[in-house]
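Here's the structure, in structure tokens; my notes come after.
Start at 1 and go down the list; that is how both ligands and their atoms are numbered. For clarity, every value in this text was computed on a predicted model and none was experimentally measured.
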Amino acid sequence: MTDLLDNAIEAYRHTFGEEPTVVASAPGRINLIGEHTDYNEGLVLPAAIDRRVYVAAGTRSDQQVLIFSNSYNTIVTTTLDALGSRQREGWASYPKGVLSLVQERGCKLTGLNLLISSSVPEKAGLSSSAALEVATALAVLELFQFPMDPTQLARLCQKAENEFVGVSCGAMDQFAAVFGKKGYALFLDCRSLHSEFVPFPEGVLLLVCDTGVKRELGSTEYGRRQEECRQAVEELARYLPGIRSLRDVDVAAFLQHENLLDPTLRKRARHVVSENTRVRAAVEDLKKNDLDDFSKLIYQSHLSLKRDYEVSSRELDAVVDIAASTDGVIGARMTGAGFGGSAICFVMEENFGELKFNLEEMYPRITGRQPQLYICEIDDGAKVEWRR
Ligand code: GLA
């Protein structure tokens with residue numbers, strides 16, 4: 001039994017005075033490449049990481065729902081009837097949204113207790129929210145023995161975030177949390193939802209550097225980018241009839257029509273169109289273990305996010321620059337929505353020490369902040385960890 005599982009069971013016992021009936025867990029994620037493409041029905045290549053949210057659950061004999069968070073050391077109390085409320089309630093909105101949607105799908109809930117214990121850093125761009133949603137959903141479905149296909153489960157969790165938290169995220173994070181597989185990245189087509197596992201290269205370590213700049217995804221910029229992409233599609237559709245999203249625009253068509261777009265929309269569209277191409281190429285590179293080409297794509301992706309999509313930050317750029325000047329680093333880029341959060345570095349095992357040293361030395365000098373470094377392993381997606 002892992003320490004985290006033990007902790008979750010122990011904390012449940014301590015909080016609710018009895019053993020939980022089930023414990024489920026779901027991972028945070030990094031995204032190798034394919035940023036801001038999911039809500040454009042595009043291509044992404046995320047991977048689940050070995051930082052997980054554990055949710056322990058048990059039924060109650062009344063109509064109450066009690067949710068305890070280890071991270072916040074607070075308990076939120078509600079009732080089954082009140083779960084449908086879309087009022088924003090901080091961290092509790094995630095599990096409440098999931099419970100409400102599970103109920104809506106026909107799962108008959110009784111009162112219940114939930115205990116949340118997490119090792120996914122929050123607001124670091126590692127999708128602690130999707131991990132919480134997915135772990136909650138899986139725990140509750142297992143508790144009430146209500147079957148649900150994994151794609152539906154990921155979709156339900158995305159809907160919970162859209163409607164109950166008010167963040168209009170795409171599907172990437174929830175799919176990574178559900179479908180992740182140890183040692184593999186998940187190549188996901190966000191239109192067809194077709195996915196394929198792609199091996200993560202051997203001998204390469206994944207170093208996550210949390211810039212220490214917290215970002216709120218709900219902040220206006222994420223929504224603004226979505227709106228700009230919609231506008232770019234609207235403009236381009238005048239010349240490319242039948243396109244539904246930027247996914248439908250290939251590089252040749254974009255180059256032919258880019259001058260017809262307003263300069264900001266042109267930059268946004270250029271990022272999305274080129275990023276989809278990079279994801280396809282990166283998948284081929286990983287299959288062939290062509291790390292030279294993979295490296296170029298990773299840096300190009302970051303540059304495109306910085307210059308065209310304008311979602312990077314001084315701190316994220318500093319991490320990428322430091323990594324790029326270190327021997328044995330294959331690539332580095334921001335991961336997730338941007339505006340802070342984390343950057344990822346792919347580094348040869350033997351050069352890890354040098355990269356760590358450089359980041360710890362140089363990052364504070366450039367930014368005045370301390371970096372948080374995590375070596376992450378690519379882990380499995382959500383699972384039921386324990387049943388009484
Ligand atoms: C956040 C969202 C995802 C995705 C990324 C950017 O992580 O939750 O759906 O849009 O930003 O790629």
Side-chain angles (χ1 to χ4, degrees), residues 26-49 51 53 93-94 97 120-134 154-180 185-191 193 195 208 210-211 213-230 245-247 268 271-276 278-279 282 297-298 301-302 304-306 308-313 316 333-344:
R29 64 100 192 89
I30 53 101
N31 187 16
L32 274 70
I33 193 163
E35 219 64 85
H36 289 276
T37 46
D38 62 351
Y39 54 79
N40 289 300
E41 300 188 296
L43 307 172
V44 294
L45 189 62
I49 55 173
R51 299 290 188 283
V53 172
S93 289
Y94 297 91
V120 189
E122 284 188 21
K123 296 190 181 144
L126 301 176
S127 258
S128 58
S129 46
L132 173 54
E133 292 148 14
V134 171
R155 278 291 195 210
L156 179 144
C157 291
Q158 181 195 3
K159 189 167 185 234
E161 182 144 351
N162 294 162
E163 293 182 7
F164 288 80
V165 185
V167 174
S168 56
C169 60
M172 171 170 72
D173 305 342
Q174 290 77 11
F175 274 78
V178 171
F179 290 97
L186 181 78
F187 175 34
L188 174 71
D189 180 330
C190 296
R191 173 176 277 172
L193 299 181
S195 66
V208 173
D210 181 355
T211 57
V213 182
K214 303 283 177 218
R215 53 146 196 88
E216 296 288 346
L217 190 55
S219 73
T220 47
E221 288 303 319
Y222 187 83
R224 189 172 296 157
R225 293 298 178 280
Q226 290 183 324
E227 184 48 36
E228 288 165 344
C229 290
R230 266 193 291 275
S245 70
L246 286 174
R247 165 61 183 277
R268 306 300 189 243
H271 166 72
V272 176
V273 171
S274 62
E275 185 79 349
N276 280 327
R278 283 188 288 272
V279 176
L297 297 168
I298 295 296
S301 170
H302 184 78
S304 175
L305 287 157
K306 174 181 168 178
D308 282 341
Y309 220 62
E310 296 178 283
V311 292
S312 187
S313 67
L316 289 164
R333 55 180 289 281
M334 53 159 274
T335 196
F339 312 107
S342 297
I344 47 172

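- Here Lys214 does not pair with Glu122 in a salt bridge; the nearest charged N to carboxylate O distance is not below 4.0 Å.
- Of the charged side-chain nitrogens involved, none lies within less than 4.0 Å of a carboxylate oxygen, so that Glu228 and Arg224 do not count as a salt-bridged pair.
- Residue contact check: Gly170 has heavy atoms under 4.0 Å from atoms 9 (O) of ligand 1.
- For the residue pair Arg278 and Ser304, a side-chain donor N or O sits within less than 3.5 Å of a side-chain acceptor on the partner.
- Interface of Cys169 with ligand 1, defined as ligand atoms under 4.0 Å from a residue heavy atom, comprises 2 (C), 8 (O), 9 (O).
- Shown in contact with Gly336 at under 4.0 Å from a heavy atom are these atoms of ligand 1, numbered in order with element: 6 (C), 11 (O).
- Among the candidates Asn31, Asp173, Thr335, the single residue satisfying the side chain to side chain donor-acceptor pair (under 3.5 Å) test with Ser127 is Asp173.
- When Met172, Arg29, Glu35 are checked for heavy-atom proximity to atom 7 (O) of ligand 1, Arg29 turns out nearest.
- Between the side chains of Gln226 and Ser168, at least one donor N or O lies within less than 3.5 Å of an accepting N or O.
- Residue contact check for ligand 1: Ser127 places no non-hydrogen atom closer than 4.0 Å to it.
- Per-residue contacts place Asp38 under 4.0 angstrom from the following atoms of ligand 1 (heavy atoms of the residue considered): 3 (C), 4 (C), 9 (O), 10 (O).
- Here the straight-line distance linking atom NE2 of His271 with atom CG of Asn276 works out to 8.5 Å at 0.5 Å rounding.
- If you number the atoms of ligand 1 from 1 as listed, the ones under 4.0 Å from a heavy atom of Tyr39 come out as 10 (O).
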